[in-house]
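Structure, as structure tokens:
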Amino acid sequence: MKSKLLKHVLSVVIILLTAALAAILIVPLVKLARPVEVKVLVEPSLSSAPIYYAREYGIFTHKEIKVDATIEMVEEPSKALEALTSGKADFALLPWPDALHWMSETGDTLLCFFSVDFKVATPQEGLFPRAGLKFDVISDLEGKTVGVTAGTKIAMEAIVVSTEIDPTTIEIKVYPSEKLLAALEAGEVDLILPLEPYFTMASTHLSEPFSDGAMFLKWINSPYPGSGLFVTPEYFRENELAVRRMNKAMDLTFLDMARNSDSARAVIARVFGIEDRQLVDRLNLPNFMRSHEIDKNTVQELTDKLEIYEAIGRGINTLDMGVVIPKEQLRN
């Protein structure tokens with residue numbers, strides 16, 4: 001009797017252990033087979049091109065990626081930061097100055113694995129004066145009103161201080177990206193600082209921008225880390241699979257866009273409703289940087305410049321903070 005009972009107990013134990021082992025082996029495989037659902041916030045600029053390109057050309061749903069991405073365009077970096085850090089969004093494409101400002105103010109860290117560099121050869125922004133305004137040197141900003149977007153306000157404030165112009169003589173007004181040109185033409189401001197694709201739109205309606213564009217590069221840093229795709233450390237710890245898949249999606253998108261720059265411009269044209277084919281062909285694509293290509297020293301140099309030019313309250317050491325995720329942590 002005892003022998004039969006012992007055999008029964010052993011059988012039950014074996015069944016339970018087998019089931020547990022099967023769960024240990026199968027559950028991760030099921031998780032890997034399912035798409036990860038993510039919410040990605042982007043800014044209204046050409047820096048967002050890879051995100052939209054990955055969606056339109058099926059890179060997110062590629063069998064090696066499996067990302068179910070919801071994309072939302074957010075005009076104000078402060079709102080994107082709030083959503084990212086409160087867990088209402090998983091990834092956010094943010095202007096580097098705004099991300100660095102947030103880290104300086106809070107003492108917390110954001111992590112970046114895909115970045116956008118602005119270069120002189122392909123300007124992403126420029127300062128356009130209104131018709132009839134004499135604007136020959138940067139000191140002509142004195143007494144003027146400048147229209148900027150929410151994503152360029154911090155950088156513009158740094159430019160003003162860097163050129164030793166009395167900041168109190170300049171008014172900086174924030175407009176939605178699509179309303180900057182109208183504000184200039186209506187005489188509400190003396191100059192505007194639009195980001196691409198609005199940079200090229202402005203150049204088709206106005207004369208060429210002051211000093212051929214690329215204000216940030218001339219007065220703050222060159223090359224200039226324009227925007228970065230950020231996550232919080234907490235999200236990375238709890239959702240490594242999602243971050244690794246997004247990183248791989250950006251890697252594949254980078255390679256695909258390099259071969260199909262016209263397709264990238266076409267995607268942006270559809271997103272922003274640009275129908276003029278000649279204007280689309282003129283759009284300047286920025287330089288996209290994968291995690292292992294991001295120059296950590298350049299990011300730190302930008303941080304130092306923003307502190308010197310009083311755009312952020314206190315300096316931070318982005319190298320010690322590990323702001324750029326090492327490629328080793330992003331491997332599948």
Is it true that V231 and L110 fall in one hydrophobic cluster, defined by side-chain heavy atoms closer than 4.5 Å? yes
Considering the options F210, Y198, F199, which one meets the ring-ring contact (aromatic ring centres under 6.0 Å, His included) requirement together with F128? F199
Residues V42 and L93: closest non-hydrogen pair is CA-CB, 4.1 Å
Ring centroid separation Y224 to W219 under 6.0 Å: no
So, for T232 and T85, which heavy atoms are closest and what is the spacing to 0.1 Å? CG2-CA, 4.1 Å
Sorted by first residue and then second, give each side chain to side chain donor-acceptor pair (under 3.5 Å) pair with at least one member in residues 119-136; sequence neighbours left out. R130-D190, K134-D136
R265/D262 ion pair, N-O < 4.0 Å: yes
Residue K305 excluded, over 12 heavy atoms near NZ under 6.0 Å: yes
Looking only at atom types and distance, does a side-chain atom of K173 sit under 3.5 Å from a main-chain N or O of A183, one as donor and one as acceptor? no
Testing the 3.5 Å rule here: is there a donor-acceptor pair between the side chains of E75 and T149? no
Listed once per pair and sorted, the ring-ring contact (aromatic ring centres under 6.0 Å, His included) pairs that draw on residues 44-76, sequence neighbours left out: Y53-Y57
Tell me whether I220 is reachable from V161 by hopping between hydrophobic residues (I, L, V, M, F, W, Y) whose side-chain heavy atoms are closer than 4.5 Å. no
Distance-only polar pair, side chains of E301 and N297, donor-acceptor under 3.5 Å: no
Flag if over 12 foreign heavy atoms under 6.0 Å of NZ, K79: no
Should V299 and M250 be counted in the same cluster of Ile, Leu, Val, Met, Phe, Trp and Tyr side chains packed under 4.5 Å apart? yes
Mind listing the closest non-hydrogen atom pair of L319 and Q300 along with its distance? N-OE1, 3.9 Å
If you define the side chain from C-beta out and look only at heavy atoms, does anything of E240 sit under 4.5 Å from Q329? no
Counting only heavy atoms from other residues, nucleotides and ligands, does the tally under 6.0 Å from CD of E164 exceed 12? no
Closest heavy-atom pair and its distance - V146, V189: C-CG1, 4.3 Å
So how far is it from I316 CD1 to T109 OG1, rounded to the nearest 0.5 Å? 8.0 Å
Apart from V74 itself, members of its ILVMFWY cluster (side-chain separation under 4.5 Å) are L41
Distance-minimising heavy-atom pair for P194 and G126: CD-O, 3.2 Å
If you count every heavy atom of other residues, nucleotides or ligands that lies below 6.0 Å from E37 atom CD, does the total exceed 12? no
Considering the options W96, F91, F113, which one meets the ring-ring contact (aromatic ring centres under 6.0 Å, His included) requirement together with F230? W96
Count I, L, V, M, F, W, Y as connected when their side-chain heavy atoms are under 4.5 Å apart, and connections chain through other members. Are V148 and L133 then in the same cluster? yes
Identify the heavy atoms of K144 and L191 that sit nearest to each other, and give their distance. CB-CD1, 3.8 Å
